[in-house]
Amino acid sequence: MKVTTSLLSLALAMAPLTAAAYQKADNIEQAKTMVTEDGYAIVTYAHGWDKYSKKTAERMMADPSVSKELGNAVVMTLAVPNITSKEEHEANKKRFGNLDLSFPNVYPAIILYNKDGHRLADICIPYSERNNPSAVAEKVRKAMSAAARQRKLLEKAEAAKGVEQARLLGEAALVAGVNKPRDIAKRIKQADPEDKTGMHQLATLNLPHKAIATAGTKNWEETLAEIKELMKNPHFTTEQQQQLCCICIGLLHRHGGLARKGELKEMIAKLRSLDPNSMLGQSADGAERLWVSELNLIQGWSPAVLPNDATPIEVQGDIPIKGAGTYEVTFTYQRGTEALRVAAVELYDGKKKIAEDRHAGFMGFNTNNNVYTLTVPAAVKKPRLYVIFNMGQKRDSYGKITVSKK
């Protein structure tokens, strides 16, 4: 692949001289003679398979706000074809040395490296930001700022020993917004062989992989206890704490059953409280509605409390089931474009299931099997009524629920 530098040349020509703070280079050998603490940046774009990619990259590099945030970084460009030949790979290796050129998630992108060539962050430019240089500049600013924080921690660690060095190295590994330093887990282990600081555990923990691994775990309660213990570590960032919350929520939703609904609700509330404005924080409302919705006996059902899966939903309110006998739970459709579909009704006394009726009920303009019969063998101290719905995505349905003794 013939790699051109016209992109960068054009960007520099278009940008005001006072704004073009970054430096430019054609290859890594030239860049090494110019590199500062701000490291390297590769502007990479789709070549020949996205006609807007190159123009977007040019626009970003010509914008004063993006130029300013790159500081004194040494900038190089890389045009990436749809299929790269072996010869092109060899040419890139010769031109960029050991810099990691693995594909970013989105093109175009600005890939940041430290002065030692370690890949720090990918500033991807999605379609929604192709005409928004200020948004890209803000991403660069955050990444460069995080890199500076990480660099200072590593410098302090060089001057320390033992557990203090391990602590500083661990904090450097936990800086949000940039990748972990190279060989950081090994360096922490050398400084603190017994992991008294707990930093080695944190540095080797891959939360996305952990989340995937827990999805099929059989010993889910042990895993839940392990994740909750991890959450006590004060060194986790807010985002990492939220990721741990999500793992707990997933475990409780999949395996916890009715007895752990309260715990599930508490964990969802924690997810929200950590950062209500983040994407994960905002997802808490949806999780609560779908998985711990409050279906009220007096108010009946509505789209707001109907789940789109088979999660059992507890009926809130004073459940009029006290003594032994036969009780009927009746669903009466009132309005809405969708019929209510119910799969089962279950009765618990505290945490113990004592009765159930499982059959397909359909409550709409044409109602079938809308009465669920519960045979209660003895007096009930703490009645808890649950409904398992079968609605799917369409939930525009309203109606009332009544409980009566037969």
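- Closest approach of H359 to V371, counting heavy atoms only: CE1-O, 3.2 Å.
- Taking the ring centroids of W49 and Y107, they lie under the 6.0 Å cut-off.
- Within a 6.0 Å sphere centred on CG of N206, heavy atoms belonging to other residues, nucleotides or ligands number more than 12.
- Counting heavy atoms from C-beta on, the side chains of R358 and I388 come closer than 4.5 Å.
- Taking CG of L224 as the reference point, atom NE2 of H255 lies at 10.0 Å (rounded to 0.5 Å).
- Taken to the nearest 0.5 Å, the CD1 atom of I28 stands 4.5 Å off from the CE atom of M76.
- For K93 (side chain) and G97 (main-chain N/O), no donor-acceptor pair under 3.5 Å exists by modelled atom type.
- Under the 4.5 Å side-chain criterion, counting only non-hydrogen atoms from C-beta, V140 is in contact with L70.
- For the pair W301/V387, no side-chain contact is recorded, criterion being any heavy-atom separation below 4.5 Å from C-beta on.
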- request: Begin from the C-alpha positions of R95 and E88 and carry the test salt bridge (charged side-chain N to carboxylate O under 4.0 Å, His left out) through to its verdict.
  value: CA-CA 10 Å; R95 184 178 173 215; E88 288 167 335; over 6 Å; no
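- Comment: E346 does not engage R384 in a salt bridge, judged by the lack of any side-chain N to carboxylate O separation of less than 4.0 angstrom.
- The backbone N or O of T337 lies less than 3.5 Å from a partner atom in the side chain of D396, making a donor-acceptor pair.
- Put simply, CD1 on I227 and CD on Q243 are 11.0 Å apart, with the number rounded to the nearest 0.5 Å.
- With hydrogens and angles disregarded, a donor-acceptor distance shorter than 3.5 Å links the side chain of R341 to the backbone of N390.
- What you find for L280 and C246 is that their closest heavy atoms are CD2-SG, 3.9 Å.
- Here the CG atom belonging to L202 is positioned 4.5 Å from the CG atom belonging to N233, to the nearest 0.5 angstrom.
- A salt bridge links R130 with D50: the distance from a Lys NZ or Arg NE/NH1/NH2 to an Asp or Glu carboxylate oxygen falls below 4.0 Å.
- A salt bridge does not link K94 with E90: every distance from a Lys NZ or Arg NE/NH1/NH2 to an Asp or Glu carboxylate oxygen is 4.0 Å or more.
- In this structure, K139 and I110 have side chains that are not in contact, with every pair of non-hydrogen atoms separated by 4.5 Å or more.
- Counted within 6.0 Å of CD on E239, heavy atoms from surrounding residues, nucleotides or ligands total 12 or fewer; the atom is thus considered open.
- Side-chain contact between V342 and N369 is absent, with no heavy-atom pair separated by less than 4.5 Å.
- Residue K180 qualifies as enclosed at atom NZ: its count of foreign heavy atoms under 6.0 Å is above 12.
- A side-chain donor-acceptor contact under 3.5 Å links D192 and T197.
- Smallest separation of non-hydrogen atoms from K24 and Q30: O-NE2, 4.3 Å.
- Within the 3.5 Å criterion, the main-chain N or O of V380 finds no donor-acceptor partner in the side chain of D349.
- One N or O on the side chain of Y113 and one on the backbone of D100 form a donor-acceptor pair closer than 3.5 Å.
- Smallest separation of non-hydrogen atoms from H200 and I188: N-CG2, 3.7 Å.
- Side-chain N or O atoms of T44 include one that pairs as donor or acceptor with a backbone N or O of L78 at under 3.5 Å.
- Residues V66 and P133 share a closest heavy-atom pair of CG2-O, 3.7 Å.
- Counting heavy atoms from C-beta on, the side chains of E69 and M144 never come closer than 4.5 Å.
- Other residues, nucleotides and ligands contribute at most 12 non-hydrogen atoms within 6.0 Å of the NZ atom of K142.
- Residues Y22 and D38 are not in side-chain contact: their nearest non-hydrogen atoms beyond the backbone lie 4.5 Å or more apart.
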- prompt: When you look at E155 and K152, which way does the salt bridge (charged side-chain N to carboxylate O under 4.0 Å, His left out) test go after all the steps?
  reply: CA-CA 5 Å; E155 290 172 354; K152 289 180 180 179; over 6 Å; no
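- A 6.0 Å sphere centred on CG of N98 holds no more than 12 heavy atoms belonging to other residues, nucleotides or ligands.
- No donor-acceptor pair under 3.5 Å is formed between the side chain of S53 and the backbone N or O of Y45.
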query: Should E171 and K156 be marked as a salt bridge (charged side-chain N to carboxylate O under 4.0 Å, His left out) after you check the CA-CA gap, both sets of side-chain angles, and the distance that decides it?
result: CA-CA 11 Å; E171 289 183 11; K156 290 181 179 179; over 6 Å; no
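- Under the 4.0 Å criterion applied to side-chain N and carboxylate O atoms, E314 and K265 are not assigned as salt-bridge partners.
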query: When you look at L295 and F389, which way does the side-chain contact (heavy atoms from CB on, under 4.5 Å) test go after all the steps?
result: CA-CA 11 Å; L295 177 63; F389 295 96; 3.6 Å; yes
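- Under a 3.5 Å cut-off, the side chain of E37 and the backbone N or O of K115 do not form any donor-acceptor pair.
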side-chain contact (heavy atoms from CB on, under 4.5 Å) assessment of L340 paired with L306: CA-CA 9 Å; L340 181 73; L306 293 175; 3.8 Å; yes
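- A salt bridge links R141 to E138: one of the charged nitrogens lies within less than 4.0 Å of a carboxylate oxygen.
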- request: Could you walk me through whether Q201 and L230 pass side-chain contact (heavy atoms from CB on, under 4.5 Å), step by step?
  value: CA-CA 9 Å; Q201 181 187 42; L230 280 174; 3.6 Å; yes
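- Among all heavy-atom pairs drawn from P126 and V106, the shortest one is CA-CG1, 4.0 Å.
- Taking a 6.0 Å sphere around NZ of K55, one finds it holds 12 or fewer heavy atoms contributed by other residues, nucleotides or ligands.
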From CA spacing to verdict: side-chain contact (heavy atoms from CB on, under 4.5 Å), L154, L169: CA-CA 6 Å; L154 292 172; L169 289 171; 3.9 Å; yes
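- Here CD1 of I401 is found 11.5 Å from CD1 of I298. Values are rounded to the nearest 0.5 Å.
- Side chain of R187 to main chain of P181: no donor-acceptor pair is present (N/O by atom type, distance under 3.5 Å, no hydrogens or angles).
- For E356, the CD atom counts as densely surrounded, since its 6.0 Å shell holds more than 12 non-hydrogen atoms of other residues, nucleotides or ligands.
- A heavy-atom distance below 4.5 Å is not found between the side chains of Q240 and L205.
- Of the possible polar contacts, none joining the D183 side chain to the K186 backbone as a donor-acceptor pair under 3.5 Å is found.
- Considering SG of C248 and CD of E266, their distance stands at 12.0 Å, rounded to 0.5 Å.
- Screening S273, S278, S283 for a side chain to side chain donor-acceptor pair (under 3.5 Å) involving Q242 leaves a single residue, S278.
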